[in-house]
Amino acid sequence: MVVTLSEIKNYLRVDHDDDDTLLRNIMESSQKICMDVARTEDEDVFEEEPAARIAVMYAVAYLYEHREDADHHALTLSLRSLLFGCRQEGF
């Protein structure tokens, strides 16, 4: 994983353990979404990208805060902007 649970909790300002399982699941999904947007399947290559950490943290924050009404299209467009520099031409 590009980010740790403690980094995400700090980023979100979550100081309880009640949502740890939810956050771990969102972290995994967010990293997968970001890697898909970047068009890479190599986790090591993705982790080396400067924008990878912030993109994953942004995705986690968005999905955590919008659990009930997430607009995945809007999220994907934002992630494309964040990851534009490292996005591969195709798989």
Check: [Y] main-chain N/O paired with [X] side-chain donor or acceptor under 3.5 Å:
{"X": "Asp19", "Y": "Leu22", "result": "no"}
{"X": "Arg39", "Y": "Asp36", "result": "no"}
{"X": "Gln31", "Y": "Glu28", "result": "no"}
{"X": "Glu43", "Y": "Met1", "result": "yes"}

Rounded distance [0.5 Å steps], [atom1] in [X] versus [atom2] in [Y]:
{"X": "Met35", "Y": "Glu41", "atom1": "CE", "atom2": "CD", "value": "7.5 Å"}
{"X": "Ile33", "Y": "Tyr62", "atom1": "CD1", "atom2": "OH", "value": "11.0 Å"}
{"X": "Cys34", "Y": "Arg80", "atom1": "SG", "atom2": "CZ", "value": "12.5 Å"}
{"X": "Leu77", "Y": "His72", "atom1": "CG", "atom2": "NE2", "value": "13.0 Å"}
{"X": "Glu65", "Y": "Ile26", "atom1": "CD", "atom2": "CD1", "value": "9.5 Å"}

Report the residues that fulfil side-chain contact (heavy atoms from CB on, under 4.5 Å) with Ala61, sequence neighbours left out, ordered by chain and then residue number.
Tyr11, Leu12
Residues passing the side-chain hydrogen bond (donor to acceptor under 3.5 Å, both in side chains) test with Glu48, sequence neighbours excluded, are none
Test side-chain contact (heavy atoms from CB on, under 4.5 Å) applied to Ile8 and Met27, step by step
CA-CA 8 Å; Ile8 288 296; Met27 287 167 55; 3.9 Å; yes
Any non-hydrogen side-chain atom of His66 less than 4.5 Å from a side-chain atom of Asp71?
no
Kindly write out the residues that satisfy salt bridge (charged side-chain N to carboxylate O under 4.0 Å, His left out) with Asp17, not counting sequence neighbours, or none if the list is empty.
Lys9
Given the rule in the side-chain contact (heavy atoms from CB on, under 4.5 Å) test, do Leu83 and Phe46 qualify, once you have shown the distances and angles that lead to the verdict?
CA-CA 10 Å; Leu83 297 168; Phe46 181 71; 4.3 Å; yes
Any ion pair linking Glu47 and Arg53 (charged N to carboxylate O, less than 4.0 Å)?
no
Compare every heavy atom of Ser30 with every heavy atom of Leu63, then report the nearest pair and how far apart it is.
CD1-OG, 3.6 Å
Please check if the number of heavy atoms outside His73 that lie under 6.0 Å from its NE2 is greater than 12.
no
With clusters defined by side-chain heavy atoms of hydrophobic residues (ILVMFWY) lying less than 4.5 Å apart, directly or transitively, does Val3 cluster with Leu5?
yes
